[in-house]
Amino acid sequence: MMIPTPSRFHFWRTVYSHGWCALEPFRVNRDARTLERVCTLSDGSNTLVTIRASRNDSGIDVASLTRLSRRQAKEIETQMRAMLRLDEDLAPFYRHVSRYARYRWIPRLGVGRLLRAPTVFEDVVKMLCTTNCSWDLTTSMVTNLTNMLGEPLDGRRAFPTPEAIAGVSESFLRKHIRAGYRSPYLLEFARRVASGSLTVEAWRTADLPTDELYAQVRSVKGAGEYAAGNILRLLGRYDYLALDSWVRGKYSELYHGGRRVSDTTIARRYREHGRWQGLILWLEMTRDWFSEKFPF
DNA sequence: GCGTCCAGGTCTACC
DNA sequence: GGTAGACCTGGACGC
């Protein structure tokens with residue numbers, strides 16, 4: 001199927017907007033120039049989906065390994081739109097940054113859409129796996145979760161459901177997933193979602209002030225300022241800076257010759273951008289990812 | 001080989 | 001409200 005994309009949408013800059021495309025079940029096939037993943041449908045079935053930019057760049061081409069009913073195809077389209085943020089209106093953001101000469105590269109490159117998982121559940125689990133550890137350990141934990149608890153499909157795996165994670169013990173998460181002290185947090189989160197007491201999927205469409213949504217995200221044990229701020233970015237709310245050691249290091253390298261600066265100093269630079277500050281900060285920190293070395 | 005530090009932090013107890 | 005200390009893991013580094 002071909003799904004039309006908004007003007008100034010750039011498929012590969014969206015795929016590489018942050019680290020998610022390197023975490024299972026996402027896989028980038030650089031030779032075929034595709035993004036792949038196993039997607040889970042509401043009827044419990046799984047299918048391997050391959051996504052590529054269409055020839056004339058006016059959309060994305062989505063292929064499924066298995067034959068889909070009309071209803072299933074519609075559901076895959078909905079997932080693709082959510083993952084690639086196709087329904088997010090960035091026009092107000094582009095209008096805002098266009099007022100600043102130093103940010104006019106943002107609309108020119110068509111950046112600002114941050115890749116996310118089909119579900120909020122997957123995004124939150126992965127975010128908890130990024131806290132207080134190296135990126136290598138994050139990929140290891142997510143790979144272990146997917147390989148050990150995800151439904152198999154032709155040598156690949158889906159991301160585990162809330163029920164699958166909720167059904168294992170804390171010691172399993174420590175011993176086999178290597179999640180360490182994050183294990184009770186992952187377990188509690190999965191159990192709250194599986195039981196229906198926490199309806200995280202509603203967060204993407206919640207008509208709530210950002211502060212209230214932030215408070216709900218912070219109710220997840222293990223989601224502190226950094227994790228909650230980043231989860232909000234994936235919900236389309238950019239009021240928080242979500243500072244972590246990587247961003248702090250990158251910021252000092254870019255603006256202070258590598259000298260460490262306080263969080264207050266960083267916040268001062270972005271506060272005039274109000275609801276867009278978290279997105280502008282992230283795009284500035286990752287601008288060099290899209291230099292001439294960018295392979296796509 | 002061993003000890004220490006730290007990486008895309010967070011929670012709790014205590015003041 | 002602010003802060004010290006504890007917490008898993010695994011790679012890098014110094015000795």
Side-chain angles (χ1 to χ4, degrees), chain A residues 15-24 26 111 114-117 122-149 165 168-192 198 200 211 214-235 237-256 258-267 270 277-290:
Chain A
V15 170
Y16 279 104
S17 53
H18 61 125
W20 259 210
C21 68
L23 297 179
E24 292 281 352
F26 282 118
V111 291
L114 308 182
L115 180 71
R116 58 189 183 185
E122 182 178 326
D123 280 335
V124 174
V125 167
K126 286 176 170 174
M127 204 62 76
L128 293 177
C129 292
T130 67
T131 58
N132 197 26
C133 65
S134 63
W135 182 251
D136 281 349
L137 186 55
T138 297
T139 58
S140 166
M141 285 186 268
V142 173
T143 300
N144 291 338
L145 277 170
T146 306
N147 287 347
M148 293 183 198
L149 298 175
I165 297 180
V168 301
S169 64
E170 184 184 318
S171 63
F172 178 92
L173 294 173
R174 286 180 185 272
K175 188 174 174 186
H176 299 289
I177 306 301
R178 313 299 290 171
Y181 71 88
R182 301 164 198 80
S183 302
Y185 302 152
L186 291 169
L187 196 54
E188 182 186 292
F189 174 64
R191 285 179 176 166
R192 287 176 72 191
L198 186 64
V200 290
D211 288 352
Y214 179 78
Q216 284 197 27
V217 177
R218 285 296 304 270
S219 81
V220 175
K221 262 193 191 157
E225 280 185 41
Y226 148 81
N230 266 314
I231 290 165
L232 281 186
R233 273 194 196 127
L234 298 182
L235 297 173
R237 313 284 188 117
Y238 308 106
D239 311 57
Y240 292 82
L241 296 181
L243 300 176
D244 57 25
S245 58
W246 185 83
V247 169
R248 291 186 182 101
K250 190 74 181 179
Y251 182 89
S252 5
E253 179 191 311
L254 283 176
Y255 294 112
H256 296 272
R259 186 175 52 83
R260 187 179 167 80
V261 296
S262 71
D263 290 356
T264 313
T265 301
I266 302 176
Y270 293 96
Q277 56 187 310
L279 186 53
I280 293 176
L281 165 71
W282 181 254
L283 294 176
E284 276 206 287
M285 297 307 104
T286 57
R287 182 179 181 178
D288 57 354
W289 294 3
F290 305 110

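Throughout, a chain's letter reflects where its sequence line sits, starting with A, and its residues are numbered from 1. Only heavy atoms go into these numbers, but all of them, side chains included; no hydrogens, no water, no symmetry mates.
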- Message: Side chain of Tyr185(A) only, heavy atoms from C-beta on: which candidate in dC11(B), dA7(B), dG8(B) is closest?
- Response: dC11(B)

- Task: Name the residue closer to the 5' end of DNA chain B, choosing between Lys221(A) and Leu243(A) according to the nucleotide with the nearest heavy atom.
- Result: Leu243(A)

- Message: Donor-acceptor check, side chain of Ser252(A) to backbone of Val261(A), threshold 3.5 angstrom: yes or no?
- Response: no

- Item | Phosphate contact (dC6(B) OP1 or OP2) by Arg248(A) side-chain N/O below 4.0 Å | no

- Spacing of the C1' atoms in dC11(B) and dG10(C) (rounded, Å): 22 Å

- Query: So what does Ala223(A) hit on the nucleic acid, given a heavy-atom distance under 4.0 Å: a base, only sugar-phosphate, or nothing?
  - Reply: sugar-phosphate

- Could you tell me which non-hydrogen atom of Ser17(A) sits nearest to which non-hydrogen atom of Leu114(A), and how far apart they are? OG-CA, 3.3 Å

- More than 12 foreign heavy atoms under 6.0 Å from NZ of Lys221(A): is that the case here? no

- Between C1' of dT10(B) and CD of Glu188(A), the distance in whole Å: 13 Å

- Query: With respect to the side chain of Asn132(A), which nucleotide from dC11(B), dC7(C), dT10(B) is positioned closest?
  - Reply: dC7(C)

- In whole angstrom, give me the gap between the P atoms of dC8(C) and dC2(B). 23 Å

- dG8(B) to dG2(C) separation - P atoms, rounded to the nearest Å: 27 Å

Give every pair of a protein N or O atom and an N or O atom of nucleotides 10-14 of chain C that lie under 3.5 Å apart, one pair per line with the distance.
residue, atom, partner, partner atom, Å
dG10(C), OP1, Arg178(A), NE, 3.3
dG10(C), OP2, Arg178(A), NH2, 3.1

- Message: Whole angstroms only, please: what is the CG-P distance between Leu186(A) and dT9(C)?
- Response: 13 Å

- Separation of dT9(C) P from His176(A) NE2 (nearest whole Å): 12 Å

- Message: I'd like to check the ring pair (Phe, Tyr, Trp, His ring centres under 6.0 Å) partners of Tyr214(A); sequence neighbours left out, ordered by chain and number.
- Response: Tyr240(A)

- Do we see a donor-acceptor contact under 3.5 Å between the side chains of Trp20(A) and Asp123(A)? yes

Please tabulate, one pair per line, each protein N/O and nucleotide N/O from nucleotides 13-15 of chain B that are separated by under 3.5 Å, including the distance.
none

- Any side-chain N or O of Lys250(A) under 4.0 Å from OP1/OP2 of dG8(B)? no

- For dC8(C), does OP1 or OP2 lie under 4.0 Å from any side-chain N or O of Arg174(A)? yes

- So what's the dot-bracket for DNA chain C: Watson-Crick or G-U pairs under 3.5 Å, [ ] if a pair crosses, | if it pairs off-strand? |||||||.|||||||

- Under 4.0 Å from any atom of DNA chain B, heavy atoms only: list the residues of residues 226-234 of chain A that qualify, in numerical order. Tyr226(A), Ala227(A)

- Query: Trp135(A) on top of dG8(B)'s base, within under 5.5 Å and under 30°?
  - Reply: yes

- With distance as the sole test, does Arg174(A) use its side chain to make a donor-acceptor pair with the main-chain N or O of Ala179(A) at under 3.5 Å? no

- Message: Which nucleotide wins on minimum distance to the side chain of Glu225(A), given the candidates dT10(B), dG8(B), dA7(B)?
- Response: dT10(B)

- Taking only residues two or more places apart in sequence, or in another chain, which ones meet Ser262(A) in a side chain to side chain donor-acceptor pair (under 3.5 Å)? Thr265(A)

- Item | Exam field: side chain Arg237(A) to backbone Leu232(A), donor-acceptor pair closer than 3.5 Å | no

